[in-house]
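For reference, the structure is listed below as structure tokens.
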Amino acid sequence: MTSRASFILLIVLIAGAGLLVWVIDPWTTTGGGLEEMLPGDPGKVRRVSVISGSDTLVMIRRDSTWQLDGEVLNQDAVENLLFAASHLSLKSIIPGETIDSIKVFAELFFHGSSKETGHFTIARHGQGYVIFSPGEADSYGVEVPGYEELSLEKVFSANPDHYRRHLLMDLLPSEIRSVEVRPVDGGAFLAEQDSMYNIWVTEVSSGDDITGRIDEQRVRLLFSYFNAIRYEEVVQSSGAIGSVDKGLLLAEVQVRSFDGRKWKFDIFPRRMKGEGTDLFRALVIYNDQPSVLSVNYYYLDLIMRGVEAYW
């Protein structure tokens, strides 16, 4: 074989190898099946299903609005979900045998006008998140570039209140630094946790550390009750119906997060004209704002109890 023919053969072999690498792409940075799980263009998604162990949500785009069971939702909350889902980027590939040990919090399905456009299960793994398809060997460590600190447990929440309008606060237990409860009936207390989630409780009246006297599990549950608190309507404080009598304060609750934000609820009974006290809704002055809000006791009952409830 002449040197010229050998040179031509070498070029052909190199070109063929390059084509094979381009087709197989063994060093892909997207992760083999990752892109197939993601919904692609958010604007083409017409239906989103979020499934957890406790709930199933089916959100449908009708004309220009997202709805859940006919109720118009907070459009930003749904669009944030779609943005995050379509922009998930690969951090690592995790062997399939670890899937059984991770904490799954949601399974998501995305549909366009005629077919499924994406489907993945998402879970927390260590300090980050992974997604995978049931039956696949591997899972993928993911993040949203530019939003690495974003809580995907919140963005992909299976709590319907997260997507509804009138959201007042939506905190995960891990985001809460302290909860202070000052009920009219019962002992006032301050529950705090550090970055390692160690909890201690102080009696407000005496300043005594009473951590050793309380049920730690009950206090940890208290930190979980600030997930997606919302109000039903704005009630003018000057109105005859539902007006606030500040002498009837039921409780004051203050919450602080690790990033320095603060929420305050002054809770009062709601008086209905000619009907006595409303048994289902309370009035709340939120963060000392001038307006008065009507809030269902569903969100308030468990956060306004005195320290006696935690012995």
Side-chain angles (χ1 to χ4, degrees), residues 74 76-77 79-81 83-84 87 103 105 124-129 143-157 159 161-183 187-211 214 216-231 234 249-268 282 284-293 295 299-300 302-307 310:
N74 179 340
D76 289 340
E79 295 298 338
N80 287 344
L81 179 153
F83 174 87
H87 286 79
K103 184 178 180 181
F105 58 85
R124 175 170 280 282
H125 179 62
Q127 298 300 310
Y129 302 94
E143 65 183 8
V144 181
Y147 302 90
E148 289 78 10
E149 301 303 316
L150 189 66
S151 171
L152 298 184
E153 286 169 278
K154 186 181 296 183
V155 173
F156 298 133
S157 175
N159 184 342
D161 288 328
H162 172 78
Y163 304 97
R164 290 187 169 121
R165 293 179 291 183
H166 302 163
L167 190 68
L168 290 176
M169 68 181 300
D170 188 8
L171 288 179
L172 297 171
S174 59
E175 296 177 292
I176 297 175
R177 175 71 179 83
S178 68
V179 178
E180 183 174 348
V181 182
R182 295 175 177 260
F189 67 96
L190 172 67
E192 301 174 88
Q193 68 176 350
D194 59 24
S195 59
M196 299 300 293
Y197 310 122
N198 298 304
I199 288 179
W200 66 97
V201 180
T202 304
E203 189 175 46
V204 170
S205 59
S206 64
D208 293 342
D209 184 335
I210 56 173
T211 305
I214 57 92
E216 180 180 332
Q217 184 60 34
R218 291 183 182 180
V219 176
R220 290 193 183 279
L221 283 174
L222 171 65
F223 280 72
S224 71
Y225 295 146
F226 297 92
N227 174 237
I229 294 179
R230 61 189 291 270
Y231 68 95
V234 176
L249 179 70
L250 296 175
E252 178 186 299
V253 179
Q254 294 192 60
V255 181
R256 290 179 173 83
S257 63
F258 280 107
D259 60 8
R261 290 176 293 163
K262 174 183 172 182
W263 295 260
K264 180 185 177 188
F265 298 83
D266 292 326
I267 304 169
F268 303 86
V284 171
I285 296 177
Y286 174 66
N287 283 350
D288 295 321
Q289 295 175 0
S291 57
V292 180
L293 308 176
V295 180
Y299 303 106
L300 302 174
L302 297 174
I303 69 172
M304 55 187 283
R305 298 178 178 180
V307 71
Y310 301 92

Are any non-hydrogen side-chain atoms of [X] and [Y] less than 4.5 angstrom apart?
X: R261; Y: L171; value: yes
X: I176; Y: V255; value: yes
X: V307; Y: I210; value: yes
X: K264; Y: D266; value: yes
X: P183; Y: V181; value: yes
X: F226; Y: I303; value: yes
X: N159; Y: D170; value: no
X: I285; Y: F268; value: yes

Nearest heavy-atom pair of L167 and A228: which atoms, and what distance?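 For L167 versus A228, the nearest heavy atoms are CD1-CA, 3.6 Å.
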Closest heavy-atom contact between L81 and Y163?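 L81 and Y163 have their closest heavy atoms at CD1-OH, 3.3 Å.
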For a side-chain contact (heavy atoms from CB on, under 4.5 Å) check, start with the C-alpha distance between Q254 and V179, then their side-chain angles and the critical distance, and finish with the verdict. CA-CA 6 Å; Q254 294 192 60; V179 178; over 6 Å; no
Interatomic distance, [X] atom [atom1] to [Y] atom [atom2] [nearest 0.5 angstrom]:
X: E192; Y: N198; atom1: CD; atom2: CG; result: 12.5 Å
X: R305; Y: L222; atom1: CZ; atom2: CG; result: 10.5 Å
X: L293; Y: I267; atom1: CG; atom2: CD1; result: 11.5 Å
X: L150; Y: F83; atom1: CG; atom2: CZ; result: 9.0 Å
X: S174; Y: Y197; atom1: OG; atom2: OH; result: 4.5 Å
X: H162; Y: R230; atom1: NE2; atom2: CZ; result: 13.0 Å

Decide if atom CD of E148 counts as having more than 12 heavy atoms of other residues, nucleotides or ligands within a radius under 6.0 Å.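 Result for CD/E148: enclosed.
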OH of Y147: more than 12 outside heavy atoms within 6.0 angstrom?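 Counting neighbours around OH of Y147, 12 or fewer heavy atoms of other residues, nucleotides or ligands fall under 6.0 Å, so no.
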Looking at K154 and E175, is any side-chain nitrogen of the basic one under 4.0 Å from a carboxylate oxygen of the acidic one?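 Salt bridge present between E175 and K154.
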[Y] backbone acceptor or donor facing [X] side chain under 3.5 Å:
X: H166; Y: Y231; answer: yes
X: R177; Y: Q193; answer: yes
X: N80; Y: D76; answer: yes
X: N74; Y: R165; answer: no
X: N287; Y: Q289; answer: no
X: S224; Y: P173; answer: no

Only one of N227, V284, I229 forms a side-chain contact (heavy atoms from CB on, under 4.5 Å) with Y299, so which one is it?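 It is I229; the other options fail the test.
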Yes or no on side-chain contact (heavy atoms from CB on, under 4.5 Å) for F189 and Y310, after CA distance, side-chain angles and deciding distance? CA-CA 10 Å; F189 67 96; Y310 301 92; 3.5 Å; yes
Between S257 and D259, is any side-chain donor less than 3.5 angstrom from a side-chain acceptor?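 The criterion, which ignores hydrogens and geometry beyond distance, is satisfied for D259 and S257.
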Test side-chain contact (heavy atoms from CB on, under 4.5 Å) applied to L300 and V295, step by step: CA-CA 8 Å; L300 302 174; V295 180; 3.9 Å; yes
Using ring centroids (six-membered ring only for Trp), state whether H125 and Y129 fall under 6.0 Å.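 No; H125 has its ring centre 6.0 Å or more from that of Y129.
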Residues in side chain to side chain contact (heavy atoms under 4.5 Å, CB included) contact with R182, at least two apart in sequence or another chain: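 Residues passing side chain to side chain contact (heavy atoms under 4.5 Å, CB included) with R182: E180, A188, V204, E252.
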Would you call the rings of F265 and Y286 parallel, tilted or perpendicular if under 30° counts as parallel and over 60° as perpendicular?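 Aromatic pair F265/Y286 classed tilted.
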Which is it for T211 and I199 under the side-chain contact (heavy atoms from CB on, under 4.5 Å) test, yes or no, and what are the steps along the way? CA-CA 8 Å; T211 305; I199 288 179; 5.8 Å; no
